[in-house]
Amino acid sequence: MKLRRCSRKPAFPWFGMDIGGTLVKLVYFEPKDITEEEELEEVENLKSIRRYLTSNTAYGKTGVRDVHLELHNLTICGRTGNLHFIRFPTAAMHRFIQMGRDKHFSSLHTTLCATGGGAYKFENDFRTMADLELLKLDELDCLIQGLLYIDSVGFNDHPECYYFENPSDTQNCIKEPCCLDNLFPMLLVNIGSGVSILAVYTKDNYKRVTGTSLGGGTFLGLCCLLTGCETFEEALEMASKGDSTNVDKLVKDIYGGDYQRFGLQGSAVASSFGHMMSKEKRDSISKEDLARATLVTITNNIGSIARMCAVNEKIERVVFVGNFLRINTVSTKLLAYAMDFWSKGQLRALFLEHEGYFGAVGAFLDLLKSADDT
Amino acid sequence: MALCGGADRGSHSMDKSITLPPDEIFRNLENAKRFAIDIGGSLTKLAYYSTVQHQVAKVRSFDHSAKETDGDPLYEISVQEEITARLHFIKFENAYIETCLDFIKDHLVNTETKVIKATGGGAHKFKDLIEKKLKLKVDKEDEMTCLIKGCNFVLKNIPHEAFVYAKHADSEFRFQNTHPDIFPYMLINIGSGVSIVKVEAEDKFERIGGSSIGGGTFWGLGALLTKTKRFDELLQLASKGQHTNVDMLVKDIYGGAYGSLGLTGDLIASSFGKSATTDKEFSKEDMAKSLLHMISNDIGQLACLYAKLHNLTRVYFGGFFIRGHPVTMHTITYSINFFTKGEVQALFLRHEGYLGAIGAFLKGAEEDNPNQYSWEENYAGSSGLMSVSPELNPVQRARSGTFDMLEMDRLERQLVNLPLLQDATSYIPDTVDLTEDALAREYWLYCFEEALDGVVKRAIASQKDQPEAVERAEKFRQKYRHKLQTLRHQPFAYGSLTVRSLLDTREHCLNEFNFPDPYSKIKQKENDMALKYYLKVVKSVEELSWEQRQFTLAKGLLAGNVFDWGAKAVSDVLESDPEFGFEQAKQQLQERPWLVDAYNQWIERLKGPPHKCALFFVDNSGIDIILGVFPFIRELLIRGTEVVLASNSGPALNDVTNSELQILTERIAAMDPVIHAALREDRLALVQNGSSSPCLDLSRLDKVLATVIRERGTDLVIIEGMGRAIHTNYYAMLSCESLKLAVIKNSWLAERLGGKIFSVVFKYEVPSKAQEQH
């Protein structure tokens, strides 16, 4: 995919922002081809922003730069530089806006391209607190444009996309990078706080098929309530150590083995949290088991809805994105397995390295496009 | 209120140490054969088949070759014992299982039975206990197979089995018509997990999918989150909670709606999303509500995806998660509406809890071929759908000691649709649904309660020779009054409440206490009296000009219909003034133009070619049939139209039964050569309609009648009387010409229709050409 040549470059800094229900995703383009002349002209607060963002990997208590995702030597609109990926909780949004005010961001006369629900929710706060106008963009448009762009430029000479070889075999299940000549048509499953499922036919032709409220927010929310944990990392850490079969009722727990009349394996989950109907079992269960069961329940459910949508829409490629999948190999492998097993090999689950950042990338791309349009 | 006390009679005093009241539950156990049991997580459902001995009134013609004298009755009435088959289903808490088994053991006389069919998750747990107590071998049947078998059975045999739930509508329950073809459908069973089954034929079904997020998830996760142990309590908590405190809504993310996608601000974006980002404590109620929404929405979404994939539009929900709980029926309905944009309706079943037991029973009874018969819900012996709304009645929800019952009678005859219905799938017999019309409900319940004394009196009078009849009649009064009281509070208990269901319930209750035909002697007397005038009436008609004759015949038919013991106003007059005669009745009739008056069109039609065959659904005995109907059909026969007289198979009020009509027709034939010839040449046929109701359900008619109608090329249907042409079938659309005739003998109803008492309805309908071909 190629961007149109930019006749007029937008003023730095170049940002794209995606304000979700739980997380704010920010991409920042750091130009590496600044000439001496340019540097002399550069205003001080622009410099300080660049330095602040590129020299730190953490911002405040909750902001994080995903250094491992950084894209190097990217040429966009005639400028070459690095693309940085930063995230912080939506709960810290007001502090972020205050920072924008303190750093006199408004004096830079840049357009702040933002997508996600927060672009609407916080629009007024940006205006009144920091004198900043947001250019609001549709989150699904941004998601698709961002995804297609990153897939086209690749991940620092590696493919952006990967899948799992032997998804049904836990021992030999391996992550394999892959380059797809053609992504279309694809079923795009975006797992953020909630889940949106899109059928994408071309870069401008897509529809939202459905969505579910059982998403990353549900996993984390239930985990916090059940285990007292506070962060996604903590929840995943616990889940990685737990055993969901202590919590879930399996087919074999009911039928003593497989339910052959219907071809159900004994190891299949018959009732998520089904064992928890019994008081004795509730009293003896570990937090890790509960976290694992929550993760497996949410993941399997998303897999099952995605699979049904793929069959209904007659699409074989199912691409999973969204920050729920960050550092979450339990879920990615489970999704890969579920797609493969229940479709008898007909469906393939694909994943992307920049999981949750495509919306922000899409917003960033729009900045360049909007400059072009003016 | 006194009414509630009656509703769960015996429940408070009942515990394990107390003997179960035998006349209330486990009825007819002495004659029971074939048992089946479905043991679920908390409730046990027991099914058995028994033969019921009850009295029926038979009429028998005297040998009239001998010259009879004036004082002799027309025919002989005798009461005989008849044995019919009945299915009993009883539902009780698992805690009572041992007491119940003991009770069965003590009362079981029949020793032929060797096995008991068993299904349900608890079947293996209680296997040893059952085998030890009952000395029957437990034979396990697959749960899903039983469920589907049971589902097919109730959908086919119980009218108003399925309903749509609408929490905020005037009537929460909107009952569905019985479809002639129930397949294909989708059954979503929400037990601890969810099974989605596609059913294509009686024995053809497939589990097309499922989900592990089901009732067990609600219960298990709910118990963890709220420290509440019982499923019912969790539902109660949920019904009091606010999910918006726990869930992240679209407006929490967007500040409002996500307009471009049409997602409203109140839509849940992330279930439990707020508990991930907020530190505050959440209330048990709010968490339970959020969980309920999460699970219901998820199941609804999957159901829609599967329905779409398999192109199914009839979707039934069952399992313990649903089982009559208004809270879950509401959330599931909401979810289905949301995901299908109203294209698919969530359907629920009145007897959902019995499906497994019914299916297991049917598995064991295959050699009796239960599927080749038609069955009927016995309103007298069935509990009906209980109100389980926690908001309305929190105590009843606990259900302690409640024994819920369903009884179904095997009908002698197989029932089918009238082949002349324009659209069998949209046919609704009843004119007014009293579940939806509160004013009408109020009136009719009052009306039936008022009439009860008279019915009791009549019942006693019909059995003067039996001194204990008084006691039985009193029991009947109590039972029927109790039914009326139940219906006042739960109009939806037996499906849509209608005048027909109120009448049928009364007939069932009368039969229950061995009053099979309280009007038999009155009918006999009236028939006898009317026969004496037959020739006179026929002769006087013959003298008239053609136009005058047609009008007199039509008027005679209507006047005859004034004689109806079913309507209170008339029974008052008849009881106080037996001389109220046919001529007086004619004078009582409204002058033309009638309330509904298509008489001119009818006369125009009669000037044309004769009909091929007229089907006449007759109403009352006595003057109505003899002086009204016979002269009328006599004219049709003379015109060259064949006539089929369809009458009730069993007694109901003073309606003429098929066996009575046989005798009457013979007697008329003996006097009247026209009728005699028609009988001999088979141009006049007497066929039973398969019903014992004062009303008429054209979707449940005797199969033989349907065949006769088809074979004779019937092109005119005449329906007579309030019960058959007003309370039912007033709006029925037929594919041939039809006449619906009645005199409105109830001032309230007449007023409602815009007329006065004794207003006349003369409705003549011709289907448009397009519909005729349909």
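Computation of the quantities below employed the complete heavy-atom set of this structure, encompassing side-chain atoms and omitting hydrogens, waters and symmetry-equivalent molecules. None of the values given here were measured: they were computed from a predicted structure. Convention: sequence-line order gives letters A, B, ...; per-chain numbering from 1.
Interatomic distance, B:Ser275 OG to A:Leu226 CG, rounded to the nearest 0.5 Å: 9.0 Å. Note that CD1 of A:Ile305 and CD of B:Gln301 are 4.0 Å apart. Values are rounded to the nearest 0.5 Å. In this structure, CG in A:Asp141 is found 8.0 Å from OG in B:Ser260, a value given to the nearest 0.5 Å. Taking OG from B:Ser192 and NZ from A:Lys249, the interatomic distance works out to 5.5 Å, rounded to the nearest 0.5 Å. Taking CE of A:Met308 as the reference point, atom SG of B:Cys304 lies at 10.5 Å (rounded to 0.5 Å). Considering NZ of B:Lys251 and NZ of A:Lys121, their distance stands at 11.5 Å, rounded to 0.5 Å.
At a heavy-atom separation below 4.5 angstrom, chain B is approached by A:Leu290, A:Thr297 within residues 290-298 of chain A.
Of the two parts of B:Met287, only the side chain, counted from C-beta on, holds a non-hydrogen atom closer than 4.5 Å to a non-hydrogen atom of chain A. For A:Glu139, the parts lying under 4.5 angstrom from a heavy atom of chain B are both the backbone and the side chain. The part of B:Thr145 that comes within reach of chain A is its side chain, from C-beta onward, which places non-hydrogen atoms under 4.5 angstrom from that chain. In this structure, chain A has a heavy atom under 4.5 Å from the backbone of B:Ala269, while its side chain stays farther away. Only the side chain of B:Phe282 comes within contact range of chain A, judged by heavy atoms closer than 4.5 Å.
The side-chain hydrogen bond (donor to acceptor under 3.5 Å, both in side chains) test with B:Ser212 singles out one residue from A:Ser304, A:Ser271, A:Ser272, and that residue is A:Ser272.
Counting heavy atoms from C-beta outward, A:Arg282 and B:Lys229 have side chains that approach closer than 4.5 Å. Residues A:Met276 and B:Thr217 form no side-chain contact, since every pair of their non-hydrogen atoms from C-beta on lies 4.5 Å or further apart.
Of the listed residues B:Phe218, B:Tyr306, B:Phe231, the one with more heavy-atom pairs under 4.5 angstrom with chain A than any other is B:Tyr306. Options B:Asn297, B:Val194, B:Leu263, B:Val197 differ in how many heavy-atom pairs under 4.5 Å they form with chain A, and the most are formed by B:Leu263. For the set A:Val195, A:Leu214, A:Thr231, A:Ile19, the entry with the most heavy-atom pairs within less than 4.5 Å of chain B is A:Leu214. Heavy-atom pairs under 4.5 Å with chain A were tallied for B:Leu267, B:Leu224, B:Thr277, B:Ile213; the largest tally goes to B:Leu224. For the set B:Ile268, B:Leu302, B:Asp298, the entry with the most heavy-atom pairs within less than 4.5 Å of chain A is B:Asp298. Ranked by non-hydrogen atom pairs under 4.5 Å with chain B, the options A:Leu140, A:Asp248, A:Thr90, A:Asn124 are led by A:Leu140. If you tally non-hydrogen atom pairs under 4.5 Å between each of A:Leu220, A:Thr210, A:Leu225 and chain B, the highest count goes to A:Leu225. Comparing A:Ala268, A:Ala270, A:Ser196, A:Gly274 by how many heavy-atom pairs each has under 4.5 Å with chain B, the most go to A:Ala270.
Between A:Ser213 and B:Ser271, the side chains place a donor N or O and an acceptor N or O closer than 3.5 Å (distance only, hydrogens not considered). Donor-acceptor pairing under 3.5 Å is recorded for the side chains of A:Asp138 and B:Tyr258.
For B:Met248 against A:Gly21, the heavy-atom pair with the smallest separation is CE-O, 3.5 Å. In terms of heavy atoms, A:Gly194 sits closest to B:Ser270 at N-CB, 4.0 Å. Of all non-hydrogen atoms in A:Tyr120 and B:Tyr254, the two that sit nearest each other are CB-O, 3.4 Å.
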- request: Show your reasoning for whether side-chain contact (heavy atoms from CB on, under 4.5 Å) applies to A:Leu222 and B:Leu225.
  value: CA-CA 9 Å; A:Leu222 282 174; B:Leu225 291 171; 4.0 Å; yes
task: Kindly determine whether A:Tyr259 and B:Glu143 satisfy side-chain hydrogen bond (donor to acceptor under 3.5 Å, both in side chains), including the steps that lead there.
output: CA-CA 11 Å; A:Tyr259 190 7; B:Glu143 215 173 324; 5.8 Å; no
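Around CD of B:Glu202, the count of heavy atoms belonging to other residues, nucleotides or ligands within 6.0 Å exceeds 12. Within 6.0 Å of CG on A:Asp283 lie more than 12 heavy atoms contributed by other residues, nucleotides or ligands. Atom CZ of A:Phe341 has more than 12 neighbouring heavy atoms from other residues, nucleotides or ligands inside a 6.0 Å radius.
Checked by atom type and distance alone, the side chain of A:Asn312 pairs as donor or acceptor with a backbone atom of B:Leu305 at under 3.5 Å.
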